[in-house]
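One structure below.
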Amino acid sequence: MSNKEGRIARHRSPTRRQFTALALAVATTASLMSTTAYAQSVDLSQWSPEYIRSIAGTETYDTAATCGAVVPNDYEGRVSYWYTGAFEADPLIAHEQDAAFWEAFKEAYPNIQTDVQSITYNELLDKFRTSLLGNAAPMVVRLQILGGVEFAAKGYLDPLAPEDVGYTSADFWPGALKSVTWDGTGYGIPTNNETMAFIWNAKIFADAGLDPESPPATWDDVVTYSKQIKDQLGISGYGLVAKQNAGNTPFRFMPQLWAYGGGALDEAEENPTYDSVHINNEGSKQALQAAYDMYVRDKSVPTSALTNTQAENQGPFIAGQLAMMIAHPAEYAKMLDLASQATGADKEVADAVVENMRYGLIPEGPARRAVVFGGSNIHVVNPQYVEGEYDEQAAKALICMWTSPEWSTKLAWVGSNPGHLGGFKTEWMKERLDTIKFLDVTTSMLPNGIPFPVLPEAPEIMNIIVPDMLQNALTESMTVDEAAEDAARKIEELRSGM
Amino acid sequence: MTIATADHPVSRRPIDGWRWAGRIFLTLLLIFTVMPMIWMLITSLKTGFAAMQYPPQWWPTEPTLGNYTRLLDPTNSVGQEFLRYFWNSLWVSTLTTILAIVVAVPAAYAFSRFRFPGRTVLFFAVLLRNMFPAVIFLVPLFILMRWLGLVNTHGSLVLTYLTFGLPLAIWLLKGFYDNIPIQLEQAARIDGATRLQAFLFIVMPLSTPGIIATAIYSFIGAWNEYIYAYTFLTRHDQMTLPVGIQRFFSENATDWPGLMAATFMMSVPVVVLFLVLQKYFVRALTEGAVKH
């Protein structure tokens with residue numbers, strides 16, 4: 001969005017003490033690989049579960065009034081929007097928050113007509129690509145973090161910065177903003193930032209002779225624990241997923257790759273340039289070897305891992321047939337939801353499963369502890385590809401509401417963290433922390449977050465080439481070395497436009 | 001010692017190994033075919049938690065019809081959407097079937113009875129569309145539908161389904177008309193009937209099984225179609241069932257019992273249609289295939 005009309009000044013000015021803290025924060029958030037130094041609206045240098053708890057509930061926001069200063073609340077118009085909302089398999093609270101947002105938007109902007117389509121996670125990118133080919137795209141779209149740059153580079157998106165809808169860049173994680181920056185220009189605003197954590201079944205650990213309260217500290221421990229569980233109990237230890245063309249695979253394998261010092265490119269480095277291929281370095285090969293050891297040598301992960309997404313790990317985990325996995329906060333919420341709906345004899349089993357669930361930080365490796373800095377961003381589509389008349393003001397009103405501290409918190413209730421850092425200060429964040437214990441861990445994983453390479457080729461690299469490498473090694477159609485070299489060659493070819 | 005069989009000899013037929021092997025094979029085939037459907041039905045009666053238990057509950061300890069009532073209750077959002085998808089599928093499939101019959105019947109009759117230049121070429125040309133995988137036509141058809149203003153309308157699906165449903169319908173019906181003796185029409189013409197009357201009152205009633213078989217084929221094809229519906233439709237109020245039931249999958253979880261209940265409900269119209277009309281279907285396929 002190039003139209004800067006209607007921008008508002010931030011309604012809170014930082015104090016001197018806050019300035020000092022903010023400056024410190026900027027200097028100590030190298031792990032987020034910020035390229036632009038902004039004074040953050042929360043002190044990132046103090047990031048810890050305790051700090052998050054201390055700031056939760058300390059500020060209140062009037063979202064309708066804030067956005068009313070950007071686009072008048074009596075504005076008449078129309079906006080079309082595609083996103084991945086709550087679906088049948090999602091917890092009830094996700095449906096309630098989604099419905100509440102649209103009610104709130106209608107209340108704040110009664111004269112803006114909405115044409116909203118909620119499209120499933122696995123369908124959205126394909127549908128959006130097709131709609132762009134036929135000039136039938138919506139005005140506004142929310143895409144997974146990996147998707148935006150692909151479309152920005154092809155000219156399908158219009159520039160969009162937080163300042164366009166009344167916020168400042170300092171209100172968002174630098175790493176998240178970087179994920180929507182292409183060629184020095186921002187093409188979106190983060191709606192939610194998610195990091196995952198490690199979840200394990202304490203009873204299985206105890207039965208296998210492991211400490212039920214201690215997760216594996218390193219990825220080497222994961223391999224050892226997984227084997228021990230398989231040998232002792234005959235069930236799968238670690239929930240490896242390696243399905244091709246599924247977002248779940250890079251979200252679960254890249255943390256391991258980065259922890260050993262590997263990477264697809266140099267995305268895990270402090271100042272990535274994306275000019276060098278790291279998929280065939282020693283760290284990457286060690287990570288691939290660890291996966292090979294679990295799948296081929298020890299047979300301690302599900303045999304179906306080659307075709308599994310994370311959804312296929314949930315059943316075995318709940319059934320006590322899988323001991324540990326990288327899990328999304330939404331999965332934890334879903335398990336609580338399923339247990340709460342169980343009845344009769346099932347209820348006892350369900351309660352026992354929940355009782356045995358433990359969660360902790362993702363293991364570290366020789367190089368670092370890492371997790372994918374994931375989430376979603378909201379974008380405005382280049383008007384020439386939009387179906388119907390383009391309404392910039394209505395689009396801005398929707399984006400302002402969606403990315404506000406209030407709604408970026410509520411709409412990420414079970415899934416992730418608010419994109420707007422102000423969300424951490426809201427009363428709703430406090431409520432979330434009180435009700436979803438797992439969030440403590442996932443929010444504290446945020447500073448370990450590494451964004452995927454901000455390149456148009458990133459979806460191809462992460463969803464196709466990395467899973468292909470895993471498949472080649474795990475099916476033994478190639479050795480670990482050959483698979484890594486093959487992946488490196490493919491990435492180089494892709495980057496060189498061959 | 002008297003042997004009863006000596007007084008009343010019983011002629012024991014030797015065990016027919018091939019017959020028993022055939023029976024066993026058919027039984028295994030039946031199990032292979034039916035088991036997934038039985039498992040689908042059983043899963044649809046479970047709660048979300050029970051569906052994930054291992055070892056699996058062969059019969060749910062706490063069976064529930066909740067998944068079905070949720071789908072059929074128009075007062076909740078899941079029910080509203082499912083019923084809308086169901087109605088959309090029914091509408092698209094029925095319209096496709098009617099149009100396919102309306103076009104295929106006279107076309108097949110013409111190929112069967114008339115001799116005209118290019119008849120053979122044209123007859124084989126109608127199959128051209130079916131010689132390529134559907135995905136090849138996906139983007140061109142999407143752009144065409146966009147140009148026609150049909151994206152996000154059921155019209156785009158009906159038109160598309162006709163392009164690959166019609167050729168086979170015409171071929172199926174032509175084989176059927178070939179088997180209706182032309183002398184019957186000639187007799188009607190001698191009695192004063194016009195060609196149209198002879199077609200409507202003599203040929204059509206005789207070809208009813210073929211028309212019904214073609215209708216079933218068109219209906220099932222449209223009812224189950226996924227890839228075009230997935231591409232052409234993004235609006236929930238327009239979606240058909242095969243695309244709509246994707247809503248039971250989300251990023252990190254799947255509502256298996258809900259999905260199984262929806263899938264079971266989706267299979268009901270096709271199964272009922274086939275059971276009621278199967279004798280026509282089989283007759284049409286066999287009669288159309290053999291020259292008398």
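None of the values given here were measured: they were computed from a predicted structure. The chains referred to below are lettered A, B, ... by the order of the sequence lines, with proteins before strands, and numbering in each begins at 1.
The number of heavy-atom neighbours closer than 6.0 Å to CH2 of A:Trp102, taken from other residues, nucleotides and ligands shown, is above 12.
In this structure, no portion of A:Thr84 lies under 4.5 Å from any heavy atom of chain B. Heavy-atom distances place both the backbone and the side chain of A:Glu123 under 4.5 Å from chain B. There is no contact between B:Ile245 and chain A, counting heavy-atom distances below 4.5 Å. Only the side chain of A:Tyr121 comes within less than 4.5 Å of a heavy atom of chain B; its backbone N, CA, C and O stay farther away. For chain A, the nearby part of B:Phe142 is the side chain; its heavy atoms alone come within less than 4.5 Å. When heavy atoms are compared at a cutoff of 4.5 Å, A:Gln117 approaches chain B by way of both its backbone and its side chain.
Most heavy-atom pairs under 4.5 Å with chain B, from the set A:Gly315, A:Ala86, A:Gly320, A:Pro138: that is A:Gly315. Ranked by heavy-atom pairs under 4.5 Å with chain B, the list A:Gln144, A:Gln310, A:Glu331 is led by A:Glu331. Highest contact tally toward chain B, considering only A:Ile119, A:Thr120, A:Asn135, is held by A:Asn135 [criterion: heavy-atom pairs under 4.5 Å]. Across B:Asp237, B:Thr234, B:Val243, B:Thr254, the residue that shares the most heavy-atom pairs under 4.5 angstrom with chain A is B:Thr234.
The ring pair (Phe, Tyr, Trp, His ring centres under 6.0 Å) test with B:Trp223 is passed by exactly one of B:Phe86, B:Trp91, B:Tyr217: B:Phe86. Shown are B:Thr27, B:Val34, B:Leu28; of these, the side chain to side chain contact (heavy atoms under 4.5 Å, CB included) with B:Leu30 is made only by B:Val34.
Annotation: residues 131-140 of chain B contacts chain A through B:Val139 [non-hydrogen atoms, separation under 4.5 Å]. Heavy-atom neighbours of chain A within the stretch residues 66-85 of chain B, taken at a separation under 4.5 angstrom, comprise B:Arg70, B:Val78, B:Glu81.
Under the 3.5 Å distance criterion, with hydrogens and angles disregarded, a donor-acceptor pair is assigned to the side chains of A:Glu194 and A:His328. No hydrogens or angles considered: a donor-acceptor pair under 3.5 Å links the side chains of B:Ser250 and A:Asp90.
A salt bridge links A:Asp115 to B:Arg235: one of the charged nitrogens lies within less than 4.0 Å of a carboxylate oxygen. With respect to A:Lys243 and A:Glu312, no salt bridge is recorded, no charged nitrogen being found less than 4.0 Å from a carboxylate O.
Aromatic ring orientation, B:Tyr226 versus B:Tyr230: parallel (interplanar angle below 30°, classes split at 30° and 60°). The aromatic rings of A:Phe128 and A:Phe151 stand perpendicular to each other, their planes meeting at an angle above 60°, with 30° marking the opposite boundary.
In terms of the side-chain hydrogen bond (donor to acceptor under 3.5 Å, both in side chains) criterion, A:Lys230 has no residue partners (sequence neighbours excluded). B:Glu225 is linked by a salt bridge (Lys or Arg N to Asp or Glu O under 4.0 Å) to nothing, counting only residues two or more places apart in sequence or in another chain.
Of the possible donor and acceptor atoms, none in the side chain of A:His379 sits under 3.5 Å from a partner among the backbone N and O of A:Arg142. In terms of modelled atom types and a separation under 3.5 Å, the side chain of B:Thr47 and the main chain of B:Ala50 share a donor-acceptor contact. Judged by distance alone, the side chain of A:Thr130 and the main-chain N or O of B:Thr231 form no donor-acceptor pair under 3.5 Å.
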